[in-house]
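Have a look at the structure below before the remarks.
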Amino acid sequence: MKVFGITGSSGSGKTTLLDQLIPRFVATGMRVAGIKHTHHGFDPDTPGKDSWRMRQSGCENVVLVGARHLTLMRHYPEDAQSPELVDALAVLPPDTDLVVVEGYKWSDFPKLEIYRPAHGKGPLWPEVPGVVAVASDAVAEVAGQTALPVLDLADIESIYTWIRDYLASH
């Protein structure tokens, strides 16, 4: 199972880029899974529903199954640390070929950073582990700031090809 992430400051276009990359990998026959890490709390369940009541009664894991969906809801105690990337990877099917990750920027796995200098925020690559390339809307400017490969954010096909080749060689 290969793992590759997209990182960047809020509003840089991480999800938009993933929306464009994922179908390209799927079209090659790869089984792709996505992991989105958020620091904002969320609860996919509905208070009062049966699955919610199961969790309230003490189930640590509840699997909600519908006609075409299966959702695992794992509850962690209030004093527990937020689940790590390894915890999310552990619940994926073993025949997954590629996991694309948005978030977990401080975890050390290969990532492409989206960096837009005009947004006024500094780049992450000097501090964030695992950044192996940068995609930007200011290629010449950014190429002068780093030895990492710098890709044109407007050229999705080149970004896809670069990631595909990187995954094949690592």
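Here, residue 1 is the first one in the sequence, and each next residue gets the next number.
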To check you understand the geometry: which heavy-atom pair defines the closest contact between [X] and [Y], and what is its length?
X      : Y      : answer
Asp19  : Pro23  : O-CD, 3.1 Å
Val150 : Ala143 : CG2-CA, 3.8 Å
Val131 : Val128 : CG2-O, 3.8 Å
Pro83  : Tyr104 : O-OH, 2.7 Å
Glu141 : Pro117 : OE2-CB, 3.4 Å
Met1   : Pro93  : CE-O, 3.5 Å

Are [X] and [Y] side-chain neighbours, meaning at least one heavy-atom pair lies under 4.5 Å?
X      : Y      : answer
Leu124 : Thr7   : yes
Phe4   : Phe109 : no
Val100 : Leu98  : yes
Val101 : Ile6   : no
Lys105 : His37  : no
Leu151 : Leu112 : yes
Val132 : Trp162 : yes
Val62  : Ser51  : yes

Under a 3.5 Å distance rule, please check whether [X] uses its side chain to pair with a backbone N or O of [Y] as donor and acceptor.
X      : Y      : answer
Ser136 : Tyr115 : yes
Lys111 : Pro129 : yes
Ser57  : Arg53  : yes

Hey, mind stepping through Glu113 and Ser12 against side-chain contact (heavy atoms from CB on, under 4.5 Å) and telling me if it holds?
CA-CA 9 Å; Glu113 177 179 354; Ser12 62; over 6 Å; no
Quick one: pull up [atom1] in [X] and [atom2] in [Y] and give me the separation to the nearest 0.5 Å.
X      : Y      : atom1 : atom2 : result
Thr161 : Arg24  : OG1   : CZ    : 8.5 Å
Gln20  : Ile156 : CD    : CD1   : 4.0 Å
Leu21  : Glu157 : CG    : CD    : 9.5 Å

If you draw a 6.0 Å radius around CE in Met54, do more than 12 non-hydrogen atoms from other residues or ligands fall strictly inside?
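Result for CE/Met54: open.
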Are more than 12 heavy atoms, taken from residues, nucleotides or ligands other than Lys36, located less than 6.0 Å from that residue's NZ atom?
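Yes - once you tally the heavy atoms of other residues, nucleotides and ligands closer than 6.0 Å, there are more than 12.
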Ring centroid separation Tyr160 to Phe25 under 6.0 Å
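They qualify: ring centres under 6.0 Å apart.
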Stepwise side-chain contact (heavy atoms from CB on, under 4.5 Å) check, Leu153 with Arg116:
CA-CA 9 Å; Leu153 190 52; Arg116 298 175 186 262; 3.1 Å; yes
With a 4.0 Å cut-off, would you call Arg55 and Glu60 a salt bridge?
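No, this pair does not count.
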salt_bridge(Arg31, Asp97) N-O dist < 4.0 Å
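Salt bridge flag = no for Asp97 with Arg31.
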In this structure, would [X] and [Y] fall into the same cluster of hydrophobic residues linked by side-chain contacts under 4.5 Å?
X      : Y      : answer
Val32  : Ile35  : no
Ile114 : Trp106 : no
Tyr166 : Leu17  : yes
Leu18  : Val3   : no
Leu89  : Val91  : no

side-chain contact (heavy atoms from CB on, under 4.5 Å) assessment of Val65 paired with Val63
CA-CA 6 Å; Val65 182; Val63 177; 3.7 Å; yes
Can you list the steps and then say if Asp155 with Ile159 is a side-chain contact (heavy atoms from CB on, under 4.5 Å)?
CA-CA 6 Å; Asp155 188 350; Ile159 294 172; 5.7 Å; no
With no hydrogens and no angle check, do the side chains of Ser107 and Glu84 hold a donor and an acceptor under 3.5 Å apart?
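No donor-acceptor contact under 3.5 Å links the two side chains.
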